[in-house]
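When reading the values below, keep in mind they use all heavy atoms of this one structure, side chains included, and skip hydrogens, waters and symmetry mates.
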Amino acid sequence: MAYQLNQKIRNLVPYEPISGTYDIRLDANESYFTLPDEIYEKALKAALSTQLNRYPDPAAKGLVRAFAEFYHIDPEYVTAGNGSDELISLIVSAFFEPEDELVTVVPDFSMYQFYAGVYGVKATAFPKKEDLTLDTVRLSAYLKSGGARGVIFSNPCNPTSLCISRRHLLQMIREVPNCLFVVDEAYMDFAEESILSVAHEYPNLIVLRTCSKAIGLAGLRLGFAIAGETITRALHAVKSPYNVNTLSQCVGTAVLSEPMYLIRCNEQIISAREALYKGLLKLYAKFRIFDTIYEPTTNFVFVKTKLAKDIYDKLLARSIAVRFMGGYLRITAGTKEEHKRLFEALEEIAKELAL
Ligand SMILES: *Cc1c(COP(=O)(O)O)cnc(C)c1O
């Protein structure tokens, strides 16, 4: 008999972000800033002096130092990855046995369940409340009673844009000391509840960060895991040795060494997020085009609307891409010009739909 793919991968389909080209891309939560010439040139100049015939530094020391310095933490607790996606994959595959339960919360970033499926780890889904907030008291009780080996979630959450407070989160981590907490802070640059600085004090915690959002380097694929000594040593031991390529290490180091620039971008993205939120609220007041607009702590706004599919299609027809998620839309903050075109398009669409 001919070779057959094994059961668990037979029906998998490749991840396909929106295909096609659109004038305005507000669908992937990327930064709208491109590097200024001066920083780009500095980074490329540094890249020119690398030796591509040699393997990269397995510990990505320079990059890790620049990351740690930017966030005021100790580099000893940091592991670099080829995007935080690689680190999620690594954690799910290496820190869990097939019989272990990995708890995910719903709704949340889909990659957690995806990797659990690929590695045959038993993933269970803990539902959020009707208002999409996470009941940490109930989750804590569930983790304690069920004997889960670990739990993974994003904070602030993609897609809900909501954030759990540092106090509630740390309380939960302390309450279930035998459970591994993987807290994905991909959007924490836009919020103020980070537990990054205390990550190493909890032997059951891994905090994940990425350069794909606030830092504006999605194309480089750079992510970081921050954890205490034991977990960090294990991460270094199980990762593929040369996981972060030389050019990404080099350019990432150059950009992370520009704190003034990064902080300015971050402030502007937060202002853009507020402007997007206010603009959508105004449309909501006028046309009832949405059911709920969640108050965002991220670089995107999440809206609930029964008209999600219609609005999404009509925006695409106007060359504006947002993310369609069932009865919801996720809209990334962009430039003033992009927002202006989005608001105009939404107003037209509201009129077309006779709202
Ligand atoms: C965008 C995003 C990431 C980033 O992944 P990278 O692989 O670092 O680009 C991680 N987690 C969440 C929740 C995200 O939305």
request  = Tell me whether Leu44 is reachable from Leu63 by hopping between hydrophobic residues (I, L, V, M, F, W, Y) whose side-chain heavy atoms are closer than 4.5 Å.
outcome  = yes

ask   = Are Arg341 and Glu337 close enough for a salt bridge, meaning some N to O gap below 4.0 Å?
value = no

task = Start with the C-alpha distance between His236 and Thr79, add both sets of side-chain angles, then the distance that settles side-chain contact (heavy atoms from CB on, under 4.5 Å), and finish with yes or no.
result = CA-CA 7 Å; His236 280 263; Thr79 307; 3.4 Å; yes

task = Decide yes or no on side-chain contact (heavy atoms from CB on, under 4.5 Å) for Ile331 and Arg323, but give the supporting numbers first.
result = CA-CA 6 Å; Ile331 308 171; Arg323 183 72 189 268; over 6 Å; no

task = For a side-chain hydrogen bond (donor to acceptor under 3.5 Å, both in side chains) with Thr332, tell me which candidate from Thr298, Asn29, Asp27 qualifies.
result = Asn29

message = Can you give me the closest heavy-atom contact between Gly334 and Ala272, atom names plus distance?
response = O-CB, 3.6 Å

query = Taking everything shown except Glu295 itself, do over 12 heavy atoms lie less than 6.0 Å from its CD?
reply = no

request  = Verify the neighbour count for atom CZ of Arg54: are there more than 12 heavy atoms of other residues, nucleotides or ligands below 6.0 Å?
outcome  = no

request  = Start with the C-alpha distance between Glu41 and Lys45, add both sets of side-chain angles, then the distance that settles salt bridge (Lys or Arg N to Asp or Glu O under 4.0 Å), and finish with yes or no.
outcome  = CA-CA 6 Å; Glu41 274 164 28; Lys45 208 175 271 174; over 6 Å; no

ask   = When hydrophobic residues are tied together by side-chain contacts of less than 4.5 Å, even through go-betweens, does Tyr294 share a cluster with Leu329?
value = no

ask   = Closest approach of Leu180 and Ile231, non-hydrogen atoms and distance?
value = CD1-CD1, 3.7 Å

query = Do the rings of Tyr77 and His200 sit parallel, tilted or perpendicular, given the 30° and 60° boundaries?
reply = parallel

request  = Hey, could you give me the CG/CG distance between Asn204 and Asn178, rounded to the nearest 0.5 Å?
outcome  = 8.0 Å

Under-4.0 Å salt bridge between Glu348 and Lys314 = no

query = Should the heavy atoms of other residues, nucleotides or ligands under 6.0 Å from CG of Asp37 be counted, would the total exceed 12?
reply = no

inquiry  = Set out, in order, the CA-CA distance, both residues' side-chain angles and the distance that settles side-chain contact (heavy atoms from CB on, under 4.5 Å) for Leu342 and Leu315, then state yes or no.
reply    = CA-CA 8 Å; Leu342 173 75; Leu315 283 174; 4.0 Å; yes

task = Assess the pair Tyr112 and Phe109: is the distance between their ring centroids shorter than 6.0 Å?
result = yes

Flag for Thr124-Glu101: side-chain donor and acceptor within less than 3.5 Å = yes

ask   = Which pair of non-hydrogen atoms, one from Asp74 and one from Val78, has the smallest distance, and what is that distance?
value = O-CG2, 3.8 Å

remark   = Nearest heavy-atom contact between Leu205 and Ile173 is CD1-CD1, 3.9 Å

Minimum-distance pair of heavy atoms, taken over all atoms of Ser31 and Gly216 = CB-CA, 3.6 Å

Working for salt bridge (Lys or Arg N to Asp or Glu O under 4.0 Å), residues Arg318 and Glu352 = CA-CA 13 Å; Arg318 289 166 170 81; Glu352 265 175 45; 2.6 Å; yes

query = Judged by atom type as modelled, is there a donor-acceptor pair below 3.5 Å linking the side chain of Gln249 to the main-chain atoms of Pro56?
reply = no

ask   = Side chains of Thr305 and Asp291: donor-acceptor distance under 3.5 Å anywhere?
value = no

query = Would you say Glu229 has more than 12 foreign heavy atoms packed within less than 6.0 Å of its CD?
reply = no

request  = Evaluate whether atom CD of Glu38 has more than 12 neighbouring non-hydrogen atoms of other residues, nucleotides or ligands under 6.0 angstrom away.
outcome  = no

message = Taking atom CD as the centre, does Glu344 end up with more than 12 heavy-atom neighbours from other residues, nucleotides or ligands that are less than 6.0 angstrom away?
response = yes

task = Using the six-membered ring of Tyr284, assess whether NZ or CZ of Arg288 lies under 6.0 Å from its centre and within 45 degrees of the ring axis.
result = yes

Pair Ser248, Asn245: side-chain N/O donor-acceptor within cut-off below 3.5 Å = yes

Separation between CD1 of Ile91 and CG of Leu235, rounded to the nearest 0.5 Å = 5.5 Å

request  = Rounded to the nearest 0.5 Å, what's the gap from CZ on Phe224 to OG1 on Thr210? Could you check?
outcome  = 8.5 Å

message = Side-chain heavy atoms nearer than 4.5 Å, only ILVMFWY residues, links allowed to pass through others: does that put Leu196 and Ile263 together?
response = yes

query = Cut-off 3.5 Å, side chains only: do Arg330 and Asn158 have a donor facing an acceptor?
reply = yes

Check: Glu185/Ser194 side-chain N/O donor and acceptor closer than 3.5 Å = yes

query = So Tyr119 and Phe96, ring-ring contact (aromatic ring centres under 6.0 Å, His included) or not? Walk me through it.
reply = CA-CA 9 Å; Tyr119 297 123; Phe96 295 86; over 10 Å; no

ask   = Quick one: CD1 on Ile195 to CG on Leu169, what's the gap to the nearest 0.5 Å?
value = 4.5 Å

request  = Take Ile206 and Leu208 through the side-chain contact (heavy atoms from CB on, under 4.5 Å) test and state the conclusion after the steps.
outcome  = CA-CA 6 Å; Ile206 303 175; Leu208 297 176; 4.1 Å; yes

note = The reported gap from CE in Met188 to OG in Ser154 (rounded to nearest 0.5 angstrom) is 10.0 Å

query = NZ of Lys129: more than 12 outside heavy atoms within 6.0 angstrom?
reply = yes

ask   = Can Asp189 and Tyr71 be said to form a side chain to side chain donor-acceptor pair (under 3.5 Å), step by step?
value = CA-CA 10 Å; Asp189 297 277; Tyr71 287 105; 2.6 Å; yes

query = Looking at Arg209 and Asp184, does any basic side-chain N land under 4.0 Å from a carboxylate oxygen?
reply = no

request  = Following the transitive rule for hydrophobic clusters with a side-chain heavy-atom cut-off under 4.5 Å over Ile, Leu, Val, Met, Phe, Trp and Tyr, establish whether Ile73 and Val182 coincide in one cluster.
outcome  = no

Charged N-O contact under 4.0 Å between Glu347 and Lys286 = yes

message = Strictly below 4.0 Å, N to O, side chains only: are Glu258 and Lys42 in salt-bridge contact?
response = yes

ask   = Are Val176 and Phe181 close enough that some pair of their side-chain heavy atoms sits under 4.5 Å apart?
value = yes

query = Do the side chains of Ser212 and Arg221 get nearer than 4.5 Å, heavy atoms only?
reply = yes

query = Can you check side chain to side chain donor-acceptor pair (under 3.5 Å) on Ser165 and Glu193, steps first, answer last?
reply = CA-CA 6 Å; Ser165 78; Glu193 300 289 345; 5.0 Å; no

remark   = Value for OG1 (Thr297) from CZ (Arg273), rounded to nearest 0.5 Å, stands at 6.5 Å

task = Compute whether any side-chain donor of one residue and acceptor of the other, for Asp85 and Tyr115, lie under 3.5 angstrom apart.
result = yes

remark   = Looking only at heavy atoms, the pair that brings Ala333 and Ile269 closest together is CB-O, 4.5 Å

request  = Could you tell me if the ring centre of Phe300 sits under 6.0 Å from that of Tyr187?
outcome  = yes

query = Same cluster for Ile293 and Leu162 if Ile/Leu/Val/Met/Phe/Trp/Tyr side chains link at under 4.5 Å?
reply = no

ask   = Any sub-3.5 Å donor-acceptor pair from Ser84's side-chain atoms to Gly223's backbone N or O?
value = no

ask   = Under 3.5 Å, is there a donor-acceptor pair between the Arg174 and Tyr202 side chains?
value = yes

